[in-house]
Protein chains: 2
Amino acid sequence: MIAGMSHEPARASAIADLMRAGREMSRLSMVFRYAIAERLGLTVSDLECLDYLADVGSATAGQVAERTNLTTGAVTSMLRRLQQAGYVTAERDPADRRRVIVTLRPERVAELKRPYERFAERAERLVEGYSVEELMLLVRHYDRMQAMYLAELDGLPSR
Amino acid sequence: MIAGMSHEPARASAIADLMRAGREMSRLSMVFRYAIAERLGLTVSDLECLDYLADVGSATAGQVAERTNLTTGAVTSMLRRLQQAGYVTAERDPADRRRVIVTLRPERVAELKRPYERFAERAERLVEGYSVEELMLLVRHYDRMQAMYLAELDGLPSR
DNA sequence: TGCGAATATCTTAATGACTAAGATGATTTG
DNA sequence: CAAATCATCTTAGTCATTAAGATATTCGCA
């Protein structure tokens, strides 16, 4: 028996609320992703690839495959698709001519970010009222959740 | 100029961290979802449908279509698939014989929940150290984020 | 009551992203 | 230099999905 036992019901229900809210968030973020991709006339994999490239600038085809969980064959056709649509350039790495280096066209970045902009603005407004401590709590929690996901994905039979 | 101006840099970087962490969380939760579906030999849509039915017990084919963002045609074949695999039963609504009522077979629920169990355990352990106040802050934040997603999805040209 | 509109699901044909397997070409290693 | 390894590409086939329209049922209104 611990002190604060009387708080346990509130605690348990808060935890249940958190779990439920977490699941719903995950679902909605996925629906949102699909909606953004559709709006841009892209598949979710395309968007994943472009988001990744927006982060890292450029990457090899193999790195894209790993990031998107696609086979190299699927990446080949995805890159052809994205090249044709003018989103990326792809060229052999002169240093290792087996590799293909994929680069996001800088002039298309703004266009890709646009659908997220309103979202980002809303998010900024949402956290306006948060204290630095609260923000840090959230960040810490997200980081732990990330670690959890990674650990869990490790544990799942990959294929 | 406000008091606490000197906190602004810490604040700004905390906000930036939060945004980045949020994006990564969203991505990982999606990867996780794909992994679970694959493990069960289902598509993500199948999983979405079954999760929904686990929540509500049973629903009409049309409700499933709306929830999963699929056309009615796609739902028809998905339900045939899930019926054949023994996950759901489907029968005409006697009250309105146009409708089809889909029900998750109770004996398959445990099997569907199993992949999430380890995850849930980890999550429980993760929040063990949180105070009730912290938990409530997280829930409130998630709820606001949900509202944001919904508002944003509303604004996007649906199709 | 009965008839046209609306509703819910199903069918069909076609599309396209994706996978598996193996080919091709480049690089590394012994 | 030959064999092994690596990175990407090709090919053939699969399967979930869509669009368009068919079918069956219910609702609304004269």
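In what follows, chains are A, B, ... by sequence order, proteins preceding strands, each numbered from 1.
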A.B. asks: Establish whether B:Met25 and A:Tyr130 are linked, either directly or via other cluster members, by ILVMFWY side-chain heavy-atom contacts under 4.5 Å.
C.D. replies: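 Shared cluster, yes.
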
A.B. asks: Rounded to whole angstroms, how far apart are CG on B:Asn69 and P on D:dA19?
C.D. replies: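 In whole Å, D:dA19 P lies 13 Å from B:Asn69 CG.
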
A.B. asks: Looking at the base of C:dC18, is there any donor atom on it, or on the side chain of A:Thr71, that sits under 3.5 Å from an acceptor on the other one?
C.D. replies: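 No pair found.
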
A.B. asks: Classify the nucleic acid contact of A:Thr60 as base, sugar-phosphate or nothing, counting any heavy atom under 4.0 Å across all strands shown.
C.D. replies: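 Touches sugar-phosphate only.
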
A.B. asks: What is the distance, rounded to the nearest whole Å, between atom CE of B:Met78 and atom P of D:dT17?
C.D. replies: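 Distance, rounded to whole Å: 8 Å.
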
A.B. asks: Does A:Ala61 reach a base, just sugar-phosphate, or nothing at all? Heavy atoms under 4.0 Å.
C.D. replies: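 Sugar-phosphate contact only - A:Ala61 comes under 4.0 Å of backbone atoms but never of a base.
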
A.B. asks: Look at the aromatic rings of A:Phe119 and B:Tyr149 and report parallel, tilted or perpendicular, splitting at 30° and 60°.
C.D. replies: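 Correct class here is tilted.
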
A.B. asks: Parallel, tilted or perpendicular: which describes the rings of A:His141 and B:Tyr142, with under 30° parallel and over 60° perpendicular?
C.D. replies: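 Perpendicular, since the angle between the ring planes exceeds 60°.
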
A.B. asks: If you look at every heavy atom in B:Ala123 and A:Met19, which pair is closest and at what distance?
C.D. replies: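 What the structure gives for the nearest pair is CB-CE, 3.6 Å.
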
A.B. asks: With a 3.5 Å cut-off and just heavy-atom distances, do the side chain of B:Arg98 and the base of C:dT7 make a donor-acceptor pair?
C.D. replies: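 Result: at least one qualifying N/O pair found.
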
A.B. asks: Does D:dT17 have OP1 or OP2 under 4.0 Å away from a side-chain N or O of B:Ser45?
C.D. replies: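 Yes, within the criterion.
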
A.B. asks: Rounded off to whole Å, could you give me the OH-to-P distance for the A:Tyr34 and D:dA16 pair?
C.D. replies: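 It works out to 13 Å between those atoms.
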
A.B. asks: Strictly below 4.0 Å, N to O, side chains only: are B:Glu24 and B:Arg27 in salt-bridge contact?
C.D. replies: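 The answer is yes: the pair qualifies as a salt bridge.
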
A.B. asks: Measuring to OP1 and OP2 of D:dC9, would you say a side-chain N or O of A:Thr76 lies under 4.0 angstrom away?
C.D. replies: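 Yes, because at least one side-chain N or O of A:Thr76 sits under 4.0 Å from OP1 or OP2 of D:dC9.
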
A.B. asks: For the pair made of CG in A:Leu82 and P in C:dA17, what is the distance, rounded to whole Å?
C.D. replies: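 Between P of C:dA17 and CG of A:Leu82: 10 Å.
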
A.B. asks: Starting at CD of A:Gln84 and ending at C1' of C:dA17, how long is that distance when rounded to a whole Å?
C.D. replies: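 Going from CD in A:Gln84 over to C1' in C:dA17 covers 15 Å.
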
A.B. asks: Is B:Gly73 touching bases, backbone alone, or none of the nucleic acid, heavy atoms closer than 4.0 Å?
C.D. replies: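 Base contact.
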
A.B. asks: Base, sugar-phosphate or nothing for B:Thr43? Non-hydrogen atoms, less than 4.0 Å.
C.D. replies: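 Result for B:Thr43 = sugar-phosphate.
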
A.B. asks: B:Val100 has a side chain; which of D:dT26, C:dT9, D:dT8 sits nearest to it?
C.D. replies: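 Given the options D:dT26, C:dT9, D:dT8, the side chain of B:Val100 is closest to C:dT9.
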
A.B. asks: Is it the case that one hydrophobic cluster holds both B:Val102 and B:Leu112, taking links as side-chain heavy atoms less than 4.5 Å apart, direct or via other members?
C.D. replies: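 B:Val102 and B:Leu112: one cluster.
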
A.B. asks: Just the rounded figure in Å: distance from P of C:dA17 to CG of A:Asp46.
C.D. replies: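 In whole Å, C:dA17 P and A:Asp46 CG are 7 Å from each other.
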
A.B. asks: So, OP1 or OP2 of C:dA17: does either fall under 4.0 Å of a side-chain N or O from A:Arg81?
C.D. replies: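 So the side chain of A:Arg81 is within the cut-off, an N or O lying under 4.0 Å from OP1 or OP2 of C:dA17.
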
A.B. asks: Which comes earlier along DNA chain C counting from the 5' end, the contact point of B:Ile101 or that of A:Arg97, where each point is its nearest nucleotide?
C.D. replies: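 Result: B:Ile101.
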
A.B. asks: Looking at D:dT18, C:dC10, C:dC18, which one has an atom nearest to any side-chain atom of B:Leu70?
C.D. replies: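 Selected nucleotide (nearest to the side chain): D:dT18.
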
A.B. asks: Please report, rounded to the nearest Å, how far the P atom of C:dT9 is from the CZ atom of B:Arg92.
C.D. replies: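 In whole Å, C:dT9 P lies 8 Å from B:Arg92 CZ.
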
A.B. asks: Side chain of B:Arg80 only, heavy atoms from C-beta on: which candidate in C:dT11, D:dT18, C:dT19 is closest?
C.D. replies: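 Nearest listed nucleotide: C:dT11.
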
A.B. asks: Just the rounded figure in Å: distance from C1' of D:dT5 to CZ of A:Arg99.
C.D. replies: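 Going from CZ in A:Arg99 over to C1' in D:dT5 covers 12 Å.
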
